[in-house]
Amino acid sequence: CRKEGIVIHPEKSFVHVDSIGRGNTQWDDLLQHLRRNGGDQSLLLLIRPNGITSFRRAESGAKRVGITYGYDPIYQAGELKFASSEGRPK
């Protein structure tokens, strides 16, 4: 979550802060997917210091559809790198 909106990983899809929770976005698609097929999947919201508004909107959407989620603050700057299920960075 950053000031301008949210980035959905690993695709790096961007949803503008004003579109979060308005329906018909990749964010809404993700929430519906997790609601239907959650199982062993989880949602982790990483919050940059300037991303509180985006976080609050994203959190509201997760609560609205009943998804269990977690969150962590992260540094303001820097690229995020995630490991694949095989342990290799993506």
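This one's a predicted model, so the numbers in the text were calculated from it and none came from an experiment.
- Counting heavy atoms from C-beta on, the side chains of Cys1 and Leu46 never come closer than 4.5 Å.
- Glu11 CD to Gln26 CD: the interatomic distance, rounded to the nearest 0.5 Å, is 7.5 Å.
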Practice problem: For side chain to side chain contact (heavy atoms under 4.5 Å, CB included), just list the numbers for Ile6 and Trp27, CA-CA rounded to whole Å, side-chain angles, deciding distance to a tenth of an Å, and then say yes or no. | Solution: CA-CA 8 Å; Ile6 57 176; Trp27 172 246; 3.4 Å; yes
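- In plain terms, the two heavy atoms of Gln76 and Asn50 that are nearest each other are NE2-ND2, 3.0 Å.
- Rounding to the nearest 0.5 Å gives a distance of 11.5 Å between CD of Glu4 and OG1 of Thr53.
- When all heavy atoms are compared, the tightest approach of Val65 to Gln32 is CG1-NE2, 3.5 Å.
- Cluster membership for Val7 and Tyr69, using ILVMFWY side-chain heavy atoms within less than 4.5 angstrom, is not shared.
- You'll find the side chain of Lys12 stays beyond 4.5 Å of the side chain of Phe14, heavy atoms only.
- To the nearest 0.5 Å, atoms CD (Glu59) and CD1 (Ile47) are separated by 7.5 Å.
- Annotation: side chain of Val17 is not in contact with side chain of Lys3 (no heavy-atom distance under 4.5 Å).
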Practice problem: Step by step, work out the side chain to side chain contact (heavy atoms under 4.5 Å, CB included) result for Phe55 and Arg48. | Solution: CA-CA 9 Å; Phe55 166 71; Arg48 297 215 187 254; over 6 Å; no
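- Atom CG of Asp29 sits about 11.0 Å away from atom CG of Leu34, to the nearest 0.5 Å.
- Within a 6.0 Å radius of OH in Tyr71, no more than 12 heavy atoms belonging to other residues, nucleotides or ligands are found.
- No side-chain heavy atom of Thr68 sits less than 4.5 Å from a side-chain heavy atom of Leu43.
- Atom CD1 in Ile20 sits 9.5 Å away from atom CG in Asp28 (nearest 0.5 Å).
- Looking at Asp18 and Arg57, a side-chain N of the basic residue comes within less than 4.0 Å of a carboxylate O on the acidic one, giving a salt bridge.
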